[in-house]
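The structure appears right after this line, and notes come after that.
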Amino acid sequence: MAKSIVIIHPAEIIRKGISSLLEDIQSVRISCFPDFSKLNMQELKAAQKLLLIVPANCRYAQELLELRTSIGEHELVGVLTNDKEKCEDNAFDHLIPIDVPAKQLIQIAEGFFESDDTDNSGELTIREKEVLRLIALGNTNKTIADTLFISTHTVISHRKNITEKLGIKSIPGLTVYAIIQKIVGPSDISPDQLS
Amino acid sequence: MIQKRVKKSLRPTFIRVFLSLPKIWVMQVFSKNDKMVHLVQANHNLLPVIHRFGIRLGFGNKTVEELCFDYEINSDFFLAIVNTFHNKNFFPKDQLLAFSPLLLVDYLKKTHQYYVDYSLPRIEKLIHRLLMSTPKQNSEMQMIEKFYLAYKKKLLEHFDEEEQEVFPIVEKLVLHPDQVADKNFDANFEKEHEHVDFELDDLKNLILKYLVPEYDELICNKLMEEIYHFERDIHDHSRMEDAILIPQMTQLLRAAE
Ligand SMILES: [Fe+2]
Ligand SMILES: [Fe+2]
(Lines give C-alpha, C1' and ligand atoms only; values in the text may rest on other atoms or scores of the structure.)
(Ligands and ions follow the chains in the order given, each with its own letter.)
Protein backbone atom coordinates (compact mmCIF):
# COMPACT_ATOMS: atom_id res chain seq x y z
CA MET A 1 0.00 0.00 0.00
CA ALA A 2 1.48 3.30 -1.04
CA LYS A 3 -0.40 5.69 1.23
CA SER A 4 -1.74 4.82 4.65
CA ILE A 5 -3.43 6.47 7.55
CA VAL A 6 -3.08 4.63 10.83
CA ILE A 7 -5.29 5.69 13.72
CA ILE A 8 -4.26 4.42 17.13
CA HIS A 9 -6.59 5.36 19.95
CA PRO A 10 -8.12 3.44 22.89
CA ALA A 11 -11.54 5.06 22.35
CA GLU A 12 -13.48 3.39 19.60
CA ILE A 13 -15.68 6.43 19.11
CA ILE A 14 -12.62 8.54 18.28
CA ARG A 15 -11.10 5.91 15.96
CA LYS A 16 -14.33 5.50 14.04
CA GLY A 17 -14.99 9.25 13.99
CA ILE A 18 -11.62 10.18 12.55
CA SER A 19 -11.73 7.28 10.14
CA SER A 20 -15.08 8.33 8.71
CA LEU A 21 -13.90 11.93 8.32
CA LEU A 22 -10.90 10.87 6.30
CA GLU A 23 -12.33 8.02 4.26
CA ASP A 24 -12.95 10.20 1.22
CA ILE A 25 -9.29 10.97 0.65
CA GLN A 26 -8.27 9.31 -2.59
CA SER A 27 -6.15 6.17 -2.75
CA VAL A 28 -5.38 6.14 0.94
CA ARG A 29 -5.89 3.11 3.12
CA ILE A 30 -7.08 3.68 6.67
CA SER A 31 -6.56 1.23 9.51
CA CYS A 32 -7.48 1.58 13.18
CA PHE A 33 -5.96 0.03 16.29
CA PRO A 34 -6.87 0.37 19.97
CA ASP A 35 -3.22 0.35 21.09
CA PHE A 36 0.35 -0.01 19.92
CA SER A 37 0.67 -3.71 20.64
CA LYS A 38 -1.92 -4.60 17.98
CA LEU A 39 -0.06 -2.88 15.11
CA ASN A 40 0.84 -4.82 12.01
CA MET A 41 4.44 -3.71 11.60
CA GLN A 42 4.98 -5.40 8.21
CA GLU A 43 2.19 -3.32 6.79
CA LEU A 44 3.44 -0.10 8.34
CA LYS A 45 6.93 -0.63 7.00
CA ALA A 46 5.57 -1.33 3.53
CA ALA A 47 3.71 2.00 3.36
CA GLN A 48 5.33 4.69 1.26
CA LYS A 49 3.72 7.55 3.13
CA LEU A 50 2.16 7.18 6.50
CA LEU A 51 0.00 9.53 8.51
CA LEU A 52 -0.07 8.41 12.12
CA ILE A 53 -2.87 9.68 14.32
CA VAL A 54 -2.32 8.90 17.99
CA PRO A 55 -3.25 10.22 21.43
CA ALA A 56 -1.08 13.22 22.33
CA ASN A 57 -0.09 11.60 25.53
CA CYS A 58 3.28 11.14 27.14
CA ARG A 59 2.35 7.61 28.11
CA TYR A 60 3.07 6.40 24.59
CA ALA A 61 6.33 8.30 24.05
CA GLN A 62 8.51 5.20 24.10
CA GLU A 63 6.31 3.19 21.73
CA LEU A 64 6.09 6.17 19.38
CA LEU A 65 9.82 6.65 19.29
CA GLU A 66 10.38 3.01 18.45
CA LEU A 67 7.71 3.08 15.80
CA ARG A 68 8.98 6.28 14.16
CA THR A 69 12.51 5.02 13.83
CA SER A 70 11.40 1.87 12.06
CA ILE A 71 9.02 3.30 9.43
CA GLY A 72 9.56 5.42 6.32
CA GLU A 73 8.21 8.86 5.45
CA HIS A 74 5.51 9.88 7.87
CA GLU A 75 3.87 12.65 9.83
CA LEU A 76 2.56 12.39 13.32
CA VAL A 77 -0.76 13.88 14.46
CA GLY A 78 -1.42 14.04 18.20
CA VAL A 79 -5.01 14.12 19.43
CA LEU A 80 -5.52 16.07 22.67
CA THR A 81 -8.48 14.71 24.60
CA ASN A 82 -8.52 17.54 27.14
CA ASP A 83 -6.69 20.82 27.76
CA LYS A 84 -4.82 19.61 30.80
CA GLU A 85 -3.25 16.66 29.09
CA LYS A 86 0.53 16.65 29.35
CA CYS A 87 2.41 16.07 26.14
CA GLU A 88 5.70 16.76 24.39
CA ASP A 89 4.39 19.13 21.71
CA ASN A 90 7.68 19.11 19.82
CA ALA A 91 7.30 15.43 19.08
CA PHE A 92 4.24 15.96 16.86
CA ASP A 93 3.94 17.40 13.41
CA HIS A 94 0.38 18.47 14.21
CA LEU A 95 -1.46 18.72 17.50
CA ILE A 96 -5.24 18.78 17.30
CA PRO A 97 -7.80 19.13 20.09
CA ILE A 98 -10.58 16.58 20.18
CA ASP A 99 -13.05 19.27 19.06
CA VAL A 100 -10.97 20.14 15.99
CA PRO A 101 -13.08 21.27 13.01
CA ALA A 102 -13.41 18.36 10.59
CA LYS A 103 -12.19 20.57 7.74
CA GLN A 104 -8.88 21.24 9.46
CA LEU A 105 -8.17 17.57 10.02
CA ILE A 106 -8.95 16.76 6.40
CA GLN A 107 -6.63 19.58 5.31
CA ILE A 108 -3.79 18.16 7.37
CA ALA A 109 -4.23 14.72 5.82
CA GLU A 110 -4.65 15.96 2.27
CA GLY A 111 -1.73 18.35 2.60
CA PHE A 112 0.51 15.52 3.70
CA PHE A 113 -0.40 13.10 0.93
CA GLU A 114 -0.38 15.70 -1.84
CA SER A 115 2.88 17.31 -0.84
CA ASP A 116 5.48 14.98 -2.30
CA ASP A 117 3.86 13.67 -5.44
CA THR A 118 6.63 14.94 -7.71
CA ASP A 119 9.36 13.49 -5.57
CA ASN A 120 11.66 11.96 -8.17
CA SER A 121 11.81 14.92 -10.52
CA GLY A 122 14.26 16.83 -8.36
CA GLU A 123 11.73 19.67 -8.30
CA LEU A 124 10.87 21.17 -4.95
CA THR A 125 7.36 20.58 -3.64
CA ILE A 126 5.19 23.50 -2.63
CA ARG A 127 5.93 22.79 1.02
CA GLU A 128 9.67 22.59 0.41
CA LYS A 129 9.58 25.91 -1.46
CA GLU A 130 7.80 27.41 1.50
CA VAL A 131 10.46 26.07 3.88
CA LEU A 132 13.20 27.31 1.54
CA ARG A 133 11.62 30.77 1.43
CA LEU A 134 11.63 30.93 5.21
CA ILE A 135 15.26 29.73 5.35
CA ALA A 136 16.27 32.41 2.85
CA LEU A 137 14.54 35.04 4.97
CA GLY A 138 16.82 34.05 7.83
CA ASN A 139 14.44 32.06 10.03
CA THR A 140 15.56 29.38 12.45
CA ASN A 141 14.17 25.84 12.36
CA LYS A 142 12.07 26.66 15.39
CA THR A 143 10.49 29.74 13.80
CA ILE A 144 9.84 27.86 10.58
CA ALA A 145 8.18 25.07 12.55
CA ASP A 146 5.96 27.58 14.38
CA THR A 147 5.05 29.43 11.20
CA LEU A 148 4.03 26.31 9.32
CA PHE A 149 2.49 24.50 12.30
CA ILE A 150 4.85 21.55 11.95
CA SER A 151 7.47 20.07 14.26
CA THR A 152 11.15 21.05 14.05
CA HIS A 153 11.71 17.37 13.26
CA THR A 154 9.71 17.82 10.05
CA VAL A 155 11.49 21.10 9.22
CA ILE A 156 14.82 19.31 9.45
CA SER A 157 13.60 16.53 7.20
CA HIS A 158 12.35 19.11 4.65
CA ARG A 159 15.76 20.79 4.75
CA LYS A 160 17.46 17.49 4.11
CA ASN A 161 15.26 16.86 1.08
CA ILE A 162 15.82 20.37 -0.25
CA THR A 163 19.59 20.00 0.02
CA GLU A 164 19.49 16.61 -1.65
CA LYS A 165 17.36 17.82 -4.53
CA LEU A 166 19.30 21.01 -5.18
CA GLY A 167 22.81 19.89 -4.30
CA ILE A 168 23.16 23.03 -2.17
CA LYS A 169 24.11 22.68 1.49
CA SER A 170 24.88 26.07 3.01
CA ILE A 171 22.37 28.71 4.06
CA PRO A 172 24.01 31.38 1.86
CA GLY A 173 23.87 28.95 -1.07
CA LEU A 174 20.19 28.19 -0.47
CA THR A 175 19.47 31.89 -0.17
CA VAL A 176 21.07 32.62 -3.53
CA TYR A 177 19.16 29.75 -5.11
CA ALA A 178 15.89 31.12 -3.70
CA ILE A 179 16.65 34.50 -5.26
CA ILE A 180 17.69 33.05 -8.62
CA GLN A 181 14.45 31.06 -8.73
CA LYS A 182 12.49 34.13 -7.66
CA ILE A 183 11.17 32.41 -4.55
CA VAL A 184 12.26 35.52 -2.66
CA GLY A 185 13.29 38.94 -3.94
CA PRO A 186 16.86 40.23 -3.47
CA SER A 187 15.50 43.11 -1.38
CA ASP A 188 13.80 40.72 1.10
CA ILE A 189 17.18 39.43 2.20
CA SER A 190 19.15 41.05 4.96
CA PRO A 191 22.74 41.77 3.87
CA ASP A 192 24.25 39.49 6.49
CA GLN A 193 22.21 36.49 5.34
CA LEU A 194 25.10 35.56 3.04
CA SER A 195 27.72 35.60 5.77
CA MET B 1 30.58 -23.67 -28.26
CA ILE B 2 33.19 -21.54 -29.99
CA GLN B 3 32.05 -18.48 -28.17
CA LYS B 4 32.49 -20.25 -24.88
CA ARG B 5 36.02 -21.28 -25.69
CA VAL B 6 37.01 -17.77 -26.69
CA LYS B 7 35.66 -16.41 -23.45
CA LYS B 8 37.55 -18.95 -21.43
CA SER B 9 40.83 -18.24 -23.11
CA LEU B 10 40.39 -14.52 -22.58
CA ARG B 11 39.60 -14.73 -18.93
CA PRO B 12 43.15 -14.90 -17.51
CA THR B 13 44.18 -11.81 -19.44
CA PHE B 14 41.19 -9.89 -18.18
CA ILE B 15 41.99 -10.80 -14.64
CA ARG B 16 45.59 -9.81 -15.04
CA VAL B 17 44.71 -6.44 -16.54
CA PHE B 18 42.11 -5.83 -13.89
CA LEU B 19 44.49 -6.67 -11.09
CA SER B 20 47.32 -4.56 -12.38
CA LEU B 21 45.23 -1.47 -13.14
CA PRO B 22 44.70 -0.15 -9.63
CA LYS B 23 48.41 -0.25 -8.93
CA ILE B 24 49.20 2.00 -11.85
CA TRP B 25 46.22 4.26 -11.36
CA VAL B 26 45.73 4.86 -7.69
CA MET B 27 49.22 5.36 -6.38
CA GLN B 28 52.00 7.17 -8.04
CA VAL B 29 54.38 8.01 -5.27
CA PHE B 30 57.32 10.17 -6.27
CA SER B 31 60.76 9.53 -4.84
CA LYS B 32 64.02 11.45 -4.39
CA ASN B 33 65.50 10.13 -7.58
CA ASP B 34 62.63 11.26 -9.79
CA LYS B 35 63.42 14.16 -12.04
CA MET B 36 61.60 17.29 -10.85
CA VAL B 37 60.28 17.96 -14.34
CA HIS B 38 58.64 14.55 -14.26
CA LEU B 39 56.45 15.61 -11.31
CA VAL B 40 54.98 18.53 -13.21
CA GLN B 41 54.53 16.45 -16.32
CA ALA B 42 52.60 13.88 -14.30
CA ASN B 43 50.40 16.49 -12.60
CA HIS B 44 50.58 20.14 -13.53
CA ASN B 45 48.65 21.06 -10.36
CA LEU B 46 51.91 20.36 -8.52
CA LEU B 47 53.61 23.40 -10.04
CA PRO B 48 52.11 25.87 -7.54
CA VAL B 49 53.08 23.48 -4.73
CA ILE B 50 56.67 23.35 -5.98
CA HIS B 51 56.71 27.14 -6.24
CA ARG B 52 55.54 27.43 -2.63
CA PHE B 53 58.81 25.83 -1.62
CA GLY B 54 60.67 28.54 -3.47
CA ILE B 55 61.86 26.21 -6.20
CA ARG B 56 61.94 27.99 -9.55
CA LEU B 57 61.68 26.59 -13.07
CA GLY B 58 64.78 25.75 -14.99
CA PHE B 59 64.83 22.28 -13.45
CA GLY B 60 67.01 20.89 -16.20
CA ASN B 61 67.38 17.20 -15.57
CA LYS B 62 67.92 17.60 -11.85
CA THR B 63 66.27 15.17 -9.48
CA VAL B 64 64.06 16.07 -6.53
CA GLU B 65 66.94 15.41 -4.17
CA GLU B 66 69.40 17.54 -6.11
CA LEU B 67 67.06 20.50 -6.35
CA CYS B 68 66.04 20.27 -2.69
CA PHE B 69 69.72 20.32 -1.82
CA ASP B 70 70.31 23.40 -4.01
CA TYR B 71 67.41 25.25 -2.39
CA GLU B 72 68.17 23.98 1.14
CA ILE B 73 64.83 22.25 1.47
CA ASN B 74 64.13 19.11 3.52
CA SER B 75 63.56 16.67 0.67
CA ASP B 76 61.59 14.18 2.80
CA PHE B 77 59.17 16.90 3.81
CA PHE B 78 58.94 18.14 0.24
CA LEU B 79 58.09 14.64 -1.01
CA ALA B 80 55.56 14.03 1.74
CA ILE B 81 53.72 17.24 0.81
CA VAL B 82 53.92 16.61 -2.93
CA ASN B 83 52.78 13.00 -2.64
CA THR B 84 49.82 13.72 -0.38
CA PHE B 85 48.80 16.49 -2.74
CA HIS B 86 49.11 14.19 -5.72
CA ASN B 87 47.33 11.14 -4.27
CA LYS B 88 44.02 11.56 -2.52
CA ASN B 89 44.52 8.29 -0.69
CA PHE B 90 48.12 8.80 0.30
CA PHE B 91 48.38 10.28 3.75
CA PRO B 92 51.41 9.10 5.76
CA LYS B 93 50.15 10.57 9.00
CA ASP B 94 52.92 9.32 11.27
CA GLN B 95 55.61 10.52 8.93
CA LEU B 96 53.98 13.93 8.59
CA LEU B 97 53.54 14.25 12.34
CA ALA B 98 57.24 13.55 12.82
CA PHE B 99 58.43 16.59 10.83
CA SER B 100 59.13 19.83 12.64
CA PRO B 101 55.88 21.85 12.90
CA LEU B 102 57.91 24.84 11.71
CA LEU B 103 58.21 23.28 8.26
CA LEU B 104 54.49 22.80 8.05
CA VAL B 105 53.63 26.28 9.37
CA ASP B 106 55.93 27.78 6.78
CA TYR B 107 54.31 25.75 4.02
CA LEU B 108 50.79 26.59 5.19
CA LYS B 109 51.60 30.32 5.31
CA LYS B 110 52.91 30.22 1.76
CA THR B 111 49.76 28.40 0.72
CA HIS B 112 47.58 31.11 2.26
CA GLN B 113 49.61 33.64 0.38
CA TYR B 114 49.02 31.82 -2.88
CA TYR B 115 45.26 31.81 -2.25
CA VAL B 116 45.18 35.45 -1.22
CA ASP B 117 47.43 36.73 -4.01
CA TYR B 118 46.33 34.47 -6.80
CA SER B 119 43.42 31.99 -6.49
CA LEU B 120 40.83 34.16 -4.76
CA PRO B 121 41.30 37.33 -6.85
CA ARG B 122 41.38 35.29 -10.03
CA ILE B 123 38.13 33.48 -9.24
CA GLU B 124 36.59 36.81 -8.28
CA LYS B 125 37.60 38.41 -11.55
CA LEU B 126 36.34 35.46 -13.61
CA ILE B 127 32.99 35.37 -11.80
CA HIS B 128 32.59 39.06 -12.47
CA ARG B 129 33.43 38.65 -16.15
CA LEU B 130 31.17 35.64 -16.45
CA LEU B 131 28.22 37.52 -15.01
CA MET B 132 28.95 40.55 -17.17
CA SER B 133 28.58 38.22 -20.14
CA THR B 134 25.03 37.21 -19.12
CA PRO B 135 21.95 39.32 -20.05
CA LYS B 136 21.76 42.46 -17.93
CA GLN B 137 18.06 42.06 -17.12
CA ASN B 138 18.84 38.90 -15.17
CA SER B 139 19.87 40.71 -12.05
CA GLU B 140 19.31 37.60 -9.91
CA MET B 141 22.53 36.18 -11.34
CA GLN B 142 24.49 38.95 -9.62
CA MET B 143 23.73 37.12 -6.37
CA ILE B 144 26.33 34.52 -7.33
CA GLU B 145 28.96 37.23 -7.17
CA LYS B 146 27.66 38.44 -3.80
CA PHE B 147 27.75 34.86 -2.57
CA TYR B 148 31.36 34.53 -3.63
CA LEU B 149 32.40 37.83 -2.06
CA ALA B 150 30.80 36.82 1.24
CA TYR B 151 32.54 33.44 1.02
CA LYS B 152 35.88 35.09 0.33
CA LYS B 153 35.47 37.47 3.25
CA LYS B 154 34.80 34.58 5.63
CA LEU B 155 37.74 32.64 4.26
CA LEU B 156 40.11 35.57 4.69
CA GLU B 157 38.95 35.93 8.28
CA HIS B 158 39.67 32.26 8.76
CA PHE B 159 43.20 32.61 7.35
CA ASP B 160 43.69 35.62 9.59
CA GLU B 161 42.64 33.72 12.66
CA GLU B 162 45.09 30.93 11.85
CA GLU B 163 47.91 33.34 11.12
CA GLN B 164 47.30 35.54 14.16
CA GLU B 165 46.51 32.86 16.70
CA VAL B 166 47.53 29.36 15.72
CA PHE B 167 50.73 29.68 13.71
CA PRO B 168 52.50 32.03 16.17
CA ILE B 169 51.67 29.75 19.10
CA VAL B 170 53.07 26.73 17.28
CA GLU B 171 56.24 28.63 16.41
CA LYS B 172 56.62 29.85 19.96
CA LEU B 173 56.03 26.36 21.36
CA VAL B 174 58.88 25.03 19.26
CA LEU B 175 61.33 27.88 19.72
CA HIS B 176 60.51 29.29 23.18
CA PRO B 177 58.08 27.00 24.95
CA ASP B 178 58.68 28.78 28.26
CA GLN B 179 57.22 32.00 26.83
CA VAL B 180 53.84 30.53 26.04
CA ALA B 181 51.45 31.93 28.62
CA ASP B 182 48.21 30.20 27.72
CA LYS B 183 48.81 26.46 27.78
CA ASN B 184 45.13 25.66 27.55
CA PHE B 185 44.86 27.07 24.07
CA ASP B 186 42.31 25.07 22.19
CA ALA B 187 41.88 25.18 18.45
CA ASN B 188 39.72 23.11 16.20
CA PHE B 189 38.93 24.19 12.69
CA GLU B 190 37.22 21.08 11.38
CA LYS B 191 33.79 22.69 11.43
CA GLU B 192 35.04 25.82 9.72
CA HIS B 193 36.86 23.77 7.11
CA GLU B 194 33.71 21.80 6.47
CA HIS B 195 31.87 25.06 5.82
CA VAL B 196 34.58 26.17 3.42
CA ASP B 197 34.08 22.88 1.55
CA PHE B 198 30.29 23.18 1.51
CA GLU B 199 30.16 26.72 0.27
CA LEU B 200 32.69 26.11 -2.46
CA ASP B 201 30.63 23.13 -3.53
CA ASP B 202 27.51 25.31 -3.50
CA LEU B 203 29.26 27.87 -5.66
CA LYS B 204 30.03 25.17 -8.22
CA ASN B 205 26.47 23.87 -8.17
CA LEU B 206 24.91 27.32 -8.44
CA ILE B 207 26.94 27.94 -11.58
CA LEU B 208 26.74 24.46 -13.11
CA LYS B 209 23.05 23.90 -12.43
CA TYR B 210 21.43 27.32 -12.41
CA LEU B 211 23.40 29.68 -14.64
CA VAL B 212 21.36 31.23 -17.44
CA PRO B 213 22.25 29.73 -20.84
CA GLU B 214 23.54 33.00 -22.31
CA TYR B 215 27.15 33.46 -21.15
CA ASP B 216 30.70 33.51 -22.46
CA GLU B 217 31.82 29.91 -22.53
CA LEU B 218 35.55 30.58 -22.58
CA ILE B 219 35.32 32.61 -19.40
CA CYS B 220 33.11 29.94 -17.88
CA ASN B 221 35.59 27.17 -18.72
CA LYS B 222 38.43 29.13 -17.16
CA LEU B 223 36.40 29.90 -14.07
CA MET B 224 35.38 26.31 -13.48
CA GLU B 225 38.93 25.10 -13.98
CA GLU B 226 40.11 27.65 -11.44
CA ILE B 227 37.45 26.69 -8.91
CA TYR B 228 38.21 22.97 -9.23
CA HIS B 229 41.91 23.65 -8.89
CA PHE B 230 41.37 25.81 -5.82
CA GLU B 231 38.97 23.31 -4.28
CA ARG B 232 41.50 20.56 -4.55
CA ASP B 233 44.28 22.71 -3.20
CA ILE B 234 42.43 24.05 -0.17
CA HIS B 235 41.06 20.63 0.64
CA ASP B 236 44.60 19.35 0.94
CA HIS B 237 45.54 22.42 2.96
CA SER B 238 42.71 22.01 5.47
CA ARG B 239 43.49 18.33 5.85
CA MET B 240 47.10 19.19 6.79
CA GLU B 241 45.83 21.59 9.43
CA ASP B 242 43.22 19.23 10.90
CA ALA B 243 45.21 16.02 10.83
CA ILE B 244 48.78 17.26 11.36
CA LEU B 245 49.16 20.81 12.62
CA ILE B 246 46.47 20.80 15.32
CA PRO B 247 47.59 17.42 16.75
CA GLN B 248 51.19 18.68 16.70
CA MET B 249 50.14 21.78 18.58
CA THR B 250 48.19 19.79 21.15
CA GLN B 251 51.22 17.58 21.64
CA LEU B 252 53.52 20.57 22.13
CA LEU B 253 51.14 22.19 24.58
CA ARG B 254 51.01 19.03 26.62
CA ALA B 255 54.81 18.80 26.62
CA ALA B 256 55.10 22.43 27.72
CA GLU B 257 52.78 22.05 30.70
FE1 LIG C 1 44.90 27.56 6.65
FE1 LIG D 1 42.31 26.44 7.75
Side-chain angles (χ1 to χ4, degrees), chain A residues 116 118-144 152 155-195, chain B residues 120 123-124 127-128 130-131 134-161 190-215 220 223-224 227-228 231 234-235 238:
Chain A
D116 287 316
T118 53
D119 216 23
N120 291 330
S121 65
E123 295 285 319
L124 297 186
T125 63
I126 294 165
R127 216 4 156 354
E128 285 163 356
K129 275 190 191 156
E130 189 57 23
V131 172
L132 177 61
R133 191 178 71 84
L134 293 167
I135 295 173
L137 294 177
N139 291 289
T140 60
N141 286 344
K142 180 82 178 71
T143 330
I144 297 174
T152 46
V155 176
I156 291 165
S157 117
H158 279 310
R159 291 181 78 131
K160 219 181 104 222
N161 291 338
I162 293 169
T163 286
E164 257 165 37
K165 283 182 181 176
L166 303 180
I168 298 176
K169 298 193 192 82
S170 68
I171 290 177
L174 290 169
T175 306
V176 172
Y177 172 85
I179 294 172
I180 289 177
Q181 298 297 320
K182 302 190 199 306
I183 293 170
V184 291
S187 52
D188 302 333
I189 304 300
S190 78
D192 57 345
Q193 178 67 2
L194 291 185
S195 50
Chain B
L120 294 171
I123 293 174
E124 181 174 336
I127 287 184
H128 184 73
L130 178 70
L131 296 176
T134 63
K136 286 248 170 356
Q137 62 271 25
N138 205 307
S139 57
E140 283 85 7
M141 281 294 134
Q142 307 308 319
M143 287 309 294
I144 295 180
E145 189 171 5
K146 288 203 176 143
F147 175 84
Y148 176 73
L149 292 175
Y151 166 77
K152 187 183 121 180
K153 185 165 167 270
K154 278 175 277 181
L155 194 57
L156 292 178
E157 283 166 9
H158 171 72
F159 292 164
D160 241 22
E161 193 185 350
E190 279 179 42
K191 268 266 159 309
E192 276 181 44
H193 290 152
E194 201 181 80
H195 272 279
V196 173
D197 271 3
F198 282 180
E199 291 199 14
L200 201 54
D201 210 39
D202 287 355
L203 177 68
K204 273 187 336 202
N205 277 320
L206 283 169
I207 297 171
L208 292 177
K209 294 175 80 174
Y210 306 109
L211 188 66
V212 288
E214 309 86 8
Y215 59 85
C220 185
L223 170 64
M224 291 318 293
I227 294 177
Y228 278 110
E231 182 181 41
I234 197 163
H235 194 268
S238 303

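Protein chains get the first letters and strands the later ones, always in sequence-line order, with residue 1 at the start of each. What you see is a predicted model; the values in this text were computed from it and never measured.
Contact check on A/E128 versus A/K165 returns a salt bridge, with a Lys/Arg side-chain nitrogen under 4.0 Å from an Asp/Glu carboxylate oxygen. Under 4.0 Å is where a charged nitrogen must lie from a carboxylate oxygen, and between B/E124 and B/K152 at least one such pair does.
Residues B/D202 and A/S170 bring a donor and an acceptor atom of their side chains to less than 3.5 Å of each other.
Within the 4.5 angstrom heavy-atom criterion, atoms from both the backbone and the side chain of A/L166 approach chain B. Contact annotation for B/L149: neither backbone nor side-chain heavy atoms come within less than 4.5 Å of a heavy atom of chain A.
In terms of heavy-atom pairs under 4.5 Å with chain A, the best-connected choice from B/K146, B/K204, B/E199 is B/E199. Comparing A/K182, A/K169, A/Q181 by heavy-atom pairs within less than 4.5 Å of chain B, the highest count is held by A/K169.
Between B/H193 and B/H158, a ring centre-to-centre spacing shorter than 6.0 Å is recorded.
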